[in-house]
Amino acid sequence: MGLKGDKITIRGGIPLIGRIELKGAKNLVTKAMVASLLGESPSILKNVPNISDVRIVRELLAVHGVKVTDGPEPGELLLDPVDVESAHFAAIDAHAGSSRIPILFCGPLLHRLGEAFIPDLGGCRIGDRPIDYHLEVLRKFGAVVDKQPNGIRMSAPNGLHGAKVSLPYPSVGATEQVLLTAVRAEGITELKGAAIEPEIMDLINILQKMGAIITVDTDRVIRIEGVERLEGFNHRALFDRNEAASWAAAALATDGDIFVGGARQSEMLTFLNVFRKVGGAFEIHDDGIRFYHPGGDLKPVVIETDVHPGFMTDWQQPLVIALTHAHGVSIVHETVYEQRFGFVDALVEMGATIQIHRECLGGHPCRFGQRNFNHSAVIAGPTKLHGADIEVPDLRGGFSHLIAALTAEGTSTVSNVGIISRGYENFITKLRLLGADFDLEG
Ligand code: EPU
């Protein structure tokens, strides 16, 4: 899990002040590593964070015969797929439940080997997280999908062929599935209802460097002309805007001032608008963004999470802590995942006033409204948080718990913090750099 102990004791009330540096986006880097499987020659990926999700994908590539080595620059990976081979069941099964990335191995492995086996998937428990779109997409390309007790076996007896795909919801993963499968499928693929997150655009950059032909049209339509051969790529990964937003939220909630090196405005426009509306301030620099609390009261906001270019679901959890300090009632309507408020129970225990509702509050009706999911949060502030013993439920909720403990009066013990190292590189070192007062157990 990347940490010696799994528990951190935080003495709250100290503003986080200083500078931290971002690396590449978790949600791009792991997919870029999978894309290397499609090349006939080695790839170079730069700006790779040292997080456990990257380590899992590295191991999964290795069991499929990809040689993954560290390059000369810190955060540089060399990925050599020349000897790709089928993995032994036990080697793949060892990774069951550890990540959601294995489902994206399907297209590349079907192209390279004609078969693929995918173990049961993991990832944060923030909803049901089905893979029906993925399987439907793969079937459209000609894959034969055989669900087995321990995973899914796939084959492509007649090869993979371009397809017309229309996603019922602009899923990030399913869009990536289409891209990674279509680039080497025979013929033309048309994808309607695609997700267009910046991480997806960066994956398209990578695939184009490899030799793919991909057109991004208006209205979420992506066209891919399959090619017979792709080469390796050399790419510096896009920065992690989710990590940037998390540290920004930490700066605001702790009355702090954090320069997030590597953060860029264009991928964070929607976050920056909300940050300003809550009462936060920021300065855009060539090499990053300074986020700080400029003084004065924080203000309540109504947020509706959405696919890009909307307000990302991954941004709401860290920001909720600042909303507990805001003067008035804020609403967060979560429309991407049906169960992303598991983290608020601990905040209520710490003194926050938060109620979760099944109705679609504060915005448009969403697909969860009729389905009895607790997906709207009403946060009444300002409340003072006090220290408590809390347990991290998921990656972003975990970062939110850290912020809560950092702002709370007294001492908090946050357990299960290993989950946070799935997506935040060296967060313990960064907390130290920013002046947090804490001890690690172990
Ligand atoms: N969905 C389906 N069927 C599918 C696929 C998705 O119903 O086959 C639904 C999901 O259940 C969810 C919605 O579609 O309600 C959106 O899911 P999406 O496929 O877009 O999410 P994902 O690809 O599984 C990625 C990130 C998430 C991020 C979301 C949204 C990775 C590894 N994960 O997940 O990141 O929240 O896109 O931007 O890229 C995180 O970093 O903490 C995280 C959860």
Side-chain angles (χ1 to χ4, degrees), residues 24-35 49 51-54 56-57 60 98-106 118 121-140 145 152 165-180 191 193-203 220 237-238 240-246 267 270-271 305-318 334-340 342-343 366-369 371 373 375 392-400 419-425 427:
K26 163 179 93 70
N27 293 347
L28 174 264
V29 164
T30 43
K31 302 19 171 340
M33 292 170 74
V34 178
I51 52 176
S52 45
D53 270 15
V54 165
I56 290 167
V57 179
L60 274 165
S98 60
S99 158
R100 301 192 62 72
I101 305 299
I103 190 73
L104 295 177
F105 276 62
C106 295
I118 307 303
L121 300 181
C124 289
R125 286 189 296 275
I126 50 183
D128 199 24
R129 306 194 79 178
I131 53 167
D132 50 338
Y133 303 166
H134 292 259
L135 299 184
E136 192 50 35
V137 161
L138 287 159
R139 284 193 187 102
K140 285 213 158 143
V145 177
I152 300 170
V165 179
S166 183
L167 292 177
Y169 182 81
S171 149
V172 168
T175 300
E176 292 160 342
Q177 184 74 265
V178 172
L179 289 167
L180 291 167
L191 169 62
I196 49 166
E197 268 63 7
E199 293 77 18
I200 290 177
M201 294 302 134
D202 211 30
L203 181 62
R220 299 188 178 276
L238 175 82
D240 197 317
R241 65 200 172 109
N242 289 342
E243 186 180 358
S246 299
E267 289 82 5
T270 311
F271 178 84
T305 66
D306 207 345
V307 294
H308 186 77
F311 190 90
M312 278 202 81
T313 165
D314 304 85
W315 296 338
Q316 58 97 345
Q317 291 145 304
E334 170 61 59
T335 78
V336 180
Y337 289 111
E338 67 273 26
Q339 283 170 32
R340 217 168 187 179
F343 71 106
C366 78
R367 64 208 162 104
F368 302 143
R371 293 168 56 202
F373 291 123
H375 71 293
V392 165
D394 60 72
L395 175 63
R396 307 293 167 197
F399 198 89
S400 161
I419 289 186
I420 300 172
S421 59
R422 278 193 43 217
Y424 293 89
E425 182 183 52
F427 71 93

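Counting starts at 1 for both ligands and their atoms, in listed order.
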Task: Heavy atom of G423, distance to ligand 1 below 4.0 Å - done: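 The answer is no, since G423 has no heavy atom less than 4.0 Å from ligand 1.
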
Open item on the list: Would you say that T305 contacts Y337 through its side chain, given a criterion of any heavy-atom pair below 4.5 Å between the two side chains?
Closed with: no

TODO: Say whether V172, considering both its backbone and side-chain N or O atoms, lies within less than 3.5 Å of an N or O atom on ligand 1.
DONE: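 Yes, there is a polar N/O contact under 3.5 Å.
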
Task: N/O separation below 3.5 Å, N242 to ligand 1 - done: no

Which one holds for [X] and ligand 1: side chain close, backbone close, both close, or neither close, with close meaning a heavy atom under 4.0 Å?
| X | result |
| --- | --- |
| R100 | side chain |
| D314 | side chain |
| K31 | side chain |
| E176 | neither |
| L395 | side chain |
| R367 | side chain |

Open item on the list: Looking at non-hydrogen atoms alone, which of R396, E197, R340 comes nearest to atom 44 (C) of ligand 1?
Closed with: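 It is R340 whose heavy atom sits nearest to atom 44 (C) of ligand 1.
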
Task: Option whose closest heavy atom lies nearest to atom 27 (C) of ligand 1, chosen from Y337, F399, F368, Y169 - done: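 Checking each option, the heavy atom nearest atom 27 (C) of ligand 1 is found in Y337.
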
Ligand-side contact atoms (ligand 1) for residue partner [X], heavy atom cut-off under 4.0 Å:
| X | value |
| --- | --- |
| H134 | 8 (O) |
| K26 | 40 (C), 41 (O) |
| V336 | 12 (C), 13 (C), 15 (O), 16 (C) |
| I131 | 8 (O) |
| G173 | 19 (O), 23 (O) |
| M312 | 38 (O) |
| T313 | 36 (O) |
| N27 | 26 (C), 27 (C), 31 (C), 32 (C), 33 (N), 35 (O), 39 (O), 41 (O) |

TODO: Kindly compute the distance separating CE (M33) from CG (L104), expressed to the nearest 0.5 Å.
DONE: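 CG of L104 is found 13.0 Å from CE of M33.
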
TODO: Would you give the length of the straight line joining atom CG of L238 to atom CG of L28, rounded to the nearest 0.5 angstrom?
DONE: 6.0 Å

- [ ] Measure up the F399 and Y424 rings against each other and bin them: parallel (under 30°), tilted (30 to 60°), perpendicular (over 60°).
- [x] parallel

TODO: Look at the aromatic rings of F311 and F271 and report parallel, tilted or perpendicular, splitting at 30° and 60°.
DONE: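 Plane angle under 30°, so parallel.
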
State whether the side chain of [X] and the backbone N or O of [Y] hold a donor-acceptor pair below 3.5 Å, judged by distance alone.
| X | Y | result |
| --- | --- | --- |
| S421 | S52 | no |
| R220 | A194 | yes |
| K31 | N27 | yes |
| D53 | G423 | no |

Open item on the list: Please identify which of these residues, P393, S400, S246, meets the side chain to side chain contact (heavy atoms under 4.5 Å, CB included) condition with Q317.
Closed with: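 That would be S400; it is the only one of P393, S400, S246 passing the side chain to side chain contact (heavy atoms under 4.5 Å, CB included) with Q317.
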
- [ ] Start with the C-alpha distance between E267 and R241, add both sets of side-chain angles, then the distance that settles salt bridge (charged side-chain N to carboxylate O under 4.0 Å, His left out), and finish with yes or no.
- [x] CA-CA 7 Å; E267 289 82 5; R241 65 200 172 109; over 6 Å; no

Task: Distance-minimising heavy-atom pair for I103 and C106 - done: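 Closest approach of I103 to C106, heavy atoms only: O-SG, 3.2 Å.
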
